[in-house]
Amino acid sequence: MQTHKREVVSYMVSETTVPPPVPKDWSRRHLLGLEDLSAGELTTILDTAQSMRDAMASGRKKIPVLTDKTCVNLFFENSTRTRTSFALAARRLGADTVDFSASTSSLSKGETVIDTAKNIEAMGVDAVIVRHRTPGTPQLLAQNLNAAVVNAGDGPHEHPTQGLLDILTIRQRRGGIKGLTVALVGDIAHSRTARSNIWGLKTLGAHVIVCGPSTLVSPRWEELGVEYSYSLDEIVPRVDVLNLLRIQFERQTTRPFPSVREYAHLYAMNRERLARAKKDLLVLAPGPINRGVEVTPDVADGPHSAILEQVTNGLAVRMAVLWLLLGGEK
Amino acid sequence: MPRIMIQNGRVIDPSQGIDRVANLLIEDGKIAGLDVKDSKTDETIDAAGRIVAPGLIDMHVHLREPGGEEDETVASGTAAALAGGFTSIACVPNTDPPIDSKGVVEFIRSQAVKAGNANVFVIACASHNREGKELAEIGQLVQAGAVAFSDDGSPVADAELMRRVLEYCLMFDKPVLSHAEMPELTERGVMHDGLTALILGLPGIPPAAEDVMTTRDIALAESTGGRLHMMHVSTGGSVDAVRRAKARGVRVTAEVTPHHFTLTDECLRTFDSNFKMNPPLRGQGHVTGCIDGLKDDTIDVIATDHAPHAKEKKMQELDRAPFGIVGLETALGLVVTKLIEPGHLDWSTALAKMTINPARILGIPKGTLAVGADADVTIIDPEVRWTVDPAEFRSKSVNTPFAGWELHGRAETVLVGGQVKFRRA
């Protein structure tokens with residue numbers, strides 16, 4: 001399998017070629033989502049991330065290839081892990097990072113998001129990493145800025161680096177993506193992680209199932225080549241990977257299920273369900289996880305779980321993305 | 001006043017069933033006759049190859065004044081109307097303050113007279129202060145000149161109040177204009193609840209939000225005998241509901257906007273807020289439903305829902321950007337390009353929906369070239385090809401999704417009360 005071969009190659013690269021040069025045919029200035037990335041582009045990011053990951057695993061703390069660049073974290077929604085991960089990724093590449101948080105900004109004084117971003121850009125910023133509650137805001141900024149824009153989550157639309165790190169984790173554990181059956185379980189309606197995973201996994205040849213209560217899982221996913229199911233019990237025996245999504249209480253207008261207890265009863269990944277799964281089932285969770293709601297502690301902390309590997313891969317993916325967007329000859 | 005002869009144009013007046021080449025004589029600001037041979041005119045307008053129609057009427061315009069003058073004023077909105085071929089417009093009352101007092105009605109009418117562009121008819125609030133709690137002072141608003149009543153921008157959510165509005169307007173023989181939307185079904189909604197919303201993760205506005213309210217208002221009109229007009233119909237379900245109600249004899253009429261018969265929700269793939277309007281752009285099935293409704297006259301009127309918003313308001317995150325687009329200066333071109341040329345409507349039927357039909361619904365003496373009528377005339381070049389350039393708009397706002405579109409057909413000369421008010425350079 002081609003993806004597998006590429007991975008093996010990336011394990012053998014020497015320190016001096018980390019990161020691999022930005023491919024000549026790489027034309028992206030921004031990373032706004034995974035929906036319109038080709039299999040080749042996805043593989044380029046994953047291979048680059050793998051080389052970053054391998055270099056770090058071999059003890060390298062810094063890969064100072066972006067020392068003349070500045071990245072700003074422009075976060076209009078709260079985030080701890082993604083923000084930290086992007087900041088660390090930039091610093092490991094030698095770039096300067098600035099944090100901008102909406103609560104302390106002039107946004108509360110009525111400035112528009114475009115003006116805010118343009119002001120920050122005018123200070124000489126090369127990449128704007130944006131998180132926002134509203135789908136399309138990264139696109140709006142990309143249309144109005146010269147800097148590279150990286151979407152770090154726009155409402156329920158996309159969270160491309162999360163999708164990439166989930167896919168990288170699967171690829172490491174299973175050697176490839178093609179032919180796997182991957183189920184995303186939970187609040188599909190409000191999940192940007194679900195959407196980014198769906199596009200990336202489908203493009204790389206996986207069969208994707210979305211599973212959750214009928215108020216959060218639209219049958220129309222079928223029109224996009226995605227299987228839908230309301231029953232975790234039915235799909236558990238036939239999936240290779242389960243990605244357990246957090247219930248996004250903050251984005252829901254009315255409660256889409258009667259109680260957390262009922263949700264956990266129907267959809268929590270627990271020991272009983274694990275017993276009916278394939279022996280090599282891989283369990284992912286983008287976190288922060290609600291223990292006891294989406295997943296019970298024995299599963300989250302057990303051998304099937306790759307939750308902590310996801311965090312490490314997140315750093316590698318973000319380094320790869322910054323390198324590909326800023327490291328090429330423009 | 002000058003005697004004007006409009007010569008050799010194809011005169012189409014749906015109010016009289018006229019569609020033939022003729023000379024139209026205007027005298028003292030009134031239509032003086034067709035086929036007149038008269039050499040004593042002060043001015044002759046050659047309309048060979050042109051269509052001579054009653055001045056177009058747009059019964060759904062947001063003029064924004066008072067309170068939203070950064071978006072539009074009575075003067076700029078009526079100038080845009082003329083450029084679009086409209087000689088009369090009706091403005092809706094969601095201004096600040098809203099049009100719910102004689103003073104505001106009179107203010108708008110006097111601003112319109114001062115501007116001296118198109119005629120302005122005032123639609124006043126159905127409920128006091130547009131709060132949806134109690135009746136507006138409809139009788140006094142009628143005295144001040146209001147021609148219809150509506151809380152447009154919002155529905156009258158309370159069914160009992162809507163029943164009272166329909167009943168109360170009966171004694172003045174005024175129509176009630178309904179913005180059909182169930183608020184609890186559209187909370188936070190940004191776009192049509194369809195496949196595109198699913199992909200983009202944007203909160204959806206389901207068609208049922210409109211259908212349920214349309215059906216409710218029809219039931220209330222049926223039980224009260226009131227005159228109901230459904231504004232900006234956007235769903236196949238609402239078209240069906242109106243069709244069935246008309247067959248039963250309910251006094252209901254309906255309008256669609258040009259954007260609802262030309263665009264679909266897929267346009268929002270670009271995240272461009274110029275595709276954000278309420279009701280939202282729907283799927284192709286609904287667009288087809290609206291066109292079918294236009295074809296079988298279930299839909300009586302084409303109205304723009306001209307909703308200007310200053311650039312800084314529209315250039316925001318999609319959930320913050322306000323709903324609505326400007327429409328006065330693109331409506332006629334879209335009707336010609338998207339309804340007449342593909343054969344959905346003939347000229348006479350299309351013009352009826354932009355002249356005599358809205359005039360009859362509003363009860364205003366407009367929309368006809370009958371002898372003695374006000375000489376409001378729109379001369380249309382049906383062949384001209386032109387590209388929509390927002391920089392040329394007379395409107396103060398440029399929030400259009402049609403920038404760069406090539407359209408066919410445009411108003412060339414526009415007369416209001418026998419005076420040439422607009423002539424394209």
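Below, chains carry the letters A, B, ... as their sequence lines are ordered, and counting in each starts from 1.
With chain A as partner, the option from B:Leu195, B:Thr270, B:Leu202 having the largest number of non-hydrogen pairs under 4.5 angstrom is B:Leu195. Top candidate by heavy-atom pairs under 4.5 Å with chain A, chosen from B:Glu184, B:Arg269, B:Glu312, is B:Arg269. Of the listed residues A:Asn144, A:Asp154, A:Leu224, the one with more heavy-atom pairs under 4.5 angstrom with chain B than any other is A:Leu224.
For chain B, no part of A:Asp115 is nearby; none of its heavy atoms comes within less than 4.5 Å. Both the backbone and the side chain of A:Trp221 come within less than 4.5 Å of a heavy atom in chain B. Neither the backbone nor the side chain of A:Ile198 has a heavy atom closer than 4.5 Å to any heavy atom of chain B. Of the two parts of A:Glu158, neither the backbone nor the side chain holds a non-hydrogen atom closer than 4.5 Å to a non-hydrogen atom of chain B. Heavy atoms of B:Ile199 lying under 4.5 Å from chain A belong to its backbone as well as its side chain. Proximity to chain B (any heavy atom under 4.5 Å) is restricted, for A:Arg195, to the side chain, taken from C-beta onward.
Here the side chains of A:Val113 and B:Arg320 are not in contact, with every heavy-atom distance at 4.5 Å or above. Residues A:Arg133 and B:Asp319 meet the side-chain proximity criterion, which asks for heavy atoms closer than 4.5 Å.
Residue A:Pro135 comes nearest to B:Gly201 through the heavy atom pair CG-O, 3.5 Å, listed as atom of the first residue, atom of the second, then distance.
For the atom pair A:Leu32 CG and B:Phe271 CZ, the distance stands at 9.0 Å (nearest 0.5 Å). Rounding to the nearest 0.5 angstrom, the gap separating the CE atom in B:Met315 from the CG atom in A:Leu140 is 6.0 Å. Separation of atoms OG1 (A:Thr112) and NZ (B:Lys313) is listed at 14.0 Å; rounding is to 0.5 Å.
For B:Glu266, the CD atom sits in a loose shell: 12 or fewer heavy atoms of surrounding residues, nucleotides or ligands are nearer than 6.0 Å. Around the CG atom of A:Asn78, the shell of radius 6.0 Å holds no more than 12 heavy atoms that belong to other residues, nucleotides or ligands.
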